[in-house]
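Worth saying up front: this structure is predicted, and the values here are computed from it rather than measured. Side chains are part of it too, since the values below use all heavy atoms of this structure and drop only hydrogens, waters and symmetry mates.
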Amino acid sequence: MTLASLTVQLLNGLADASAMFLVAAGLSLIFGVTRIVNFAHGSFYLLGLYLAYTLVNAIGTTPLGFWAAVLLSAVIVAVLGALVEMLVLRRIYRAPELFQLLATFALVLIIKDGALWLWGPEDLFGPRAPGLSGAVHLLGRRLPQYDLLLIFIGPLVLALLWLLLNRTRWGTLIRAATQDREMLGALGVNQAWLFTAVFALGCFLAGLGGALQGPRMPANLVIDLDTIGNAFVVVVVGGMGSIGGAFAAALLIAEVKALCIALGNVSLFGMEISLSRLTLVVEFLVMAVVLVVRPWGLFGKAPTAVRASGLQESPLQPGGRGARLAGWTLVLVLLALPLAAGYFPYLPVLMVEILVAVLFAASLHFLMGPGGMLSFGHAAYFGLGAYAAALVTLKLQWPMPAAMLAGALAAMLGALLFGWFCVRLSGVYLAMLTLAFAQIVWALIFQWDDFTGGSNGLVGIRAAEAVSSPLAYYYLALACAVLGVYLLRRVIHAPFGLALRAGRDAAPRAEALGMDVRALQWGGFAVAGLFCGMAGVLFAFSKGSISPEVAGVSRSVDGLVMVMLGGVQSLLGPLLGASLFTWLQDLVARETDYWRALLGGVILLLVLLFPGGVAGIFRRPRQEENP
């Protein structure tokens, strides 16, 4: 590696930092004022990129036409953002924060299929910026002129945002809303329109960031989740709500990534290590290190520990005779369900998927509900369980019962390792650290070709002959799911579960009573990891093959959707949410190519009608009887 190549690579990193900052700044503004973790922010970035492609080709590739198209794309995205805020988000500001997150996830699905319908599935390559298509020679290397322009756009936007927030009345209102929204409303400020304006500004920045990337990258349908993941990392590393922190974090992450690319392979203790392969996960490594050292980010303020769900719950009571009767009736129905397989041959396979999802969601609910710990990376334990069982089966020829136990224990050990760091945080910071660890697990699986099969995964994972038929495997999955849910409920009502809830609702009081809240939460991670790992094991043997997708972000998001759709404040919630989500996903995927939009629309409708989750339907009459 020469000094010239290192310098050019670091300058490229500055261009990437500018693009990253634009998206993260908008996300930080929206969260700071509205307190909404906007999962759809990456979708607005995607729209900016696609709109710029269309408008540049429509207006023309002259300098005036190109830059007019870029700004017009950002304005259109801002208008769409304002409409989303007024029509959807304004109706659920009083709902728990997690259901606001669920609503924005539904928007991700709708916007993705909307882009698929308008622009098609192929990657679209936009024209280069007129007058900036060449390169500058620097130290014998070529640096694109457009990248040099992007390097200056980031600091320019930072300066404009600083002037807006510190030198205008509107900026003063934004800063006041960030500090105390209730007091701002008491002073007569129209919070609804302030929230709309801030959401539109955040979407404008996301759309601008996407539009500016047209000459550097093709428009495609997968950049939304990648973008929101990177934006979350930048915002959390910089400190939630800090624009300056977002800029510093974007610089740090982009330069570390550029440095990994520039260094390539390095020798350490006689081993050859490929740093360039770390670019898949380096931002999450940086975030994990920063959050462990400074839990509230580089420029953030120390947060107060808060409940993830945002609701106070009445004490849980063991189910009465009616609940037990309903539970046994459901088990009997599930035992008899294969009798309908003659009419619906696919039924046993679908039911296995639902049972795996139920166990996965129940384990996540144990963390989020009784534990009060939001996790964005629960798929890490699902993947660890699946891969551990598959590896001991294929490489060590262990029998299926031993492999199932090994998978569950491997997931529990992973949860103990990651949980030791995570329990030191709370709220969004805790959630993002779980995401960081999950991405590290995914990267190890994806890149360790000799051991895990890399991107090709592992095949030939056969269940024992006694349960090799779909019907027999259904009964095995049913037994594991019923036993897992039953044990989780017993733990919740046991002294450990009650102490875990006490630490969630009133940590200082629990500490004063002699409880070690962190140790309780650490134990909660272990319990959740154990049952999540068992769900991964069942998945691996049911499919016969696995890929790195089992530990990916999309599976963690699916788990969140299942729990929130059913309702965090109910033990029945994850069971209903997982069953409904898996069934809807299977149903709509077979009926239409635009199944994501249909699924997102159903989820959005359920959120608007039942902001407490589907399980809230069954809780409402009881609450009315006992106000």
Side-chain angles (χ1 to χ4, degrees), residues 96-98 304-324 326-327 358-375 378 381 408 412 415-416 418-420 422-427 430-431 434 481-532 534 563-564 566-577 612-613 615-616 618-619 622-623 625-627:
E97 293 177 1
L98 288 178
T304 56
V306 295
R307 279 285 325 278
S309 65
L311 286 182
Q312 290 295 325
E313 300 175 20
S314 57
L316 288 175
Q317 300 293 336
R321 178 180 297 179
R324 289 194 294 271
V358 162
L359 191 54
F360 178 52
S363 66
L364 177 57
H365 173 266
F366 183 81
L367 272 184
M368 294 174 57
M373 295 174 285
L374 179 59
S375 173
H378 203 60
Y381 318 122
M412 185 182 72
L416 282 171
F418 300 151
W420 191 83
C422 292
V423 297
R424 288 158 171 74
L425 307 177
S426 63
L430 183 149
T434 62
V482 170
L483 181 61
V485 171
Y486 172 76
L487 291 176
L488 281 171
R489 287 173 176 253
R490 289 299 299 266
V491 172
I492 289 172
H493 292 298
F496 171 78
L498 297 177
L500 188 63
R501 282 169 53 85
R504 177 202 68 185
D505 292 332
R509 184 176 296 180
E511 293 279 6
L513 292 174
M515 300 180 188
D516 189 337
V517 174
R518 284 187 178 179
L520 290 168
Q521 292 175 333
W522 192 26
F525 263 90
V527 172
L530 177 70
F531 290 98
C532 184
M534 181 54 68
V563 173
M564 294 185 292
V568 181
Q569 286 78 40
S570 169
L571 297 180
L572 183 63
L575 313 186
L576 288 176
F618 303 98
R619 300 174 70 237
R622 183 179 299 177
Q623 290 176 348
E625 293 173 5
N626 302 299

Review point. So which heavy atom on Ala526 is nearest to which on Met412, and how close?
Key: O-CG, 3.4 Å
Point to revise | For Pro574 against Gly567, the heavy-atom pair lying closest together | key: CD-O, 4.2 Å
Exercise for review: Could you tell me whether the side chain of Leu364 reaches within less than 4.5 Å of the side chain of Ser375, counting heavy atoms only?
Suggested key: yes
Practice item. State whether the side chain of Arg504 and the backbone N or O of Gly369 hold a donor-acceptor pair below 3.5 Å, judged by distance alone. Key: yes
Check your understanding: Can you name the nearest heavy-atom pair linking Ala415 to Phe525, along with the distance?
Key -> CB-O, 3.2 Å
Revision key, fill the gap. Correct closest heavy-atom pair for Val568 and His365 would be O-NE2, 3.0 Å
Check your understanding: Are any of the side-chain heavy atoms of Asp516 and Leu520 separated by less than 4.5 Å?
Key -> no
Revision key, fill the gap. By ring-ring contact (aromatic ring centres under 6.0 Å, His included), His378 pairs with (sequence neighbours left out) Phe360, Tyr381
**Study point:** Set of side-chain contact (heavy atoms from CB on, under 4.5 Å) partners for Val491, sequence neighbours left out
**Key:** Phe366, Phe496
Practice item. May I ask you to test the Leu500-Gln521 pair for a side-chain heavy-atom distance under 4.5 Å? Key: yes
Review point. What's the shortest heavy-atom distance between Trp522 and Leu416, and which atoms?
Key: NE1-O, 2.6 Å
Check your understanding: Taking all atoms of both residues into account, what is the closest heavy-atom pair of Arg489 and Leu571, and its distance?
Key -> NH2-O, 2.9 Å
Exercise for review: Please name all residues satisfying ring-ring contact (aromatic ring centres under 6.0 Å, His included) with Phe418, sequence neighbours left out, ordered by chain then number.
Suggested key: Phe437
Review point. What's the spacing between Met515 CE and Leu498 CG if we round to 0.5 Å?
Key: 8.5 Å
Point to revise | CG on Leu488 to CD1 on Ile492, rounded to 0.5 Å | key: 6.5 Å
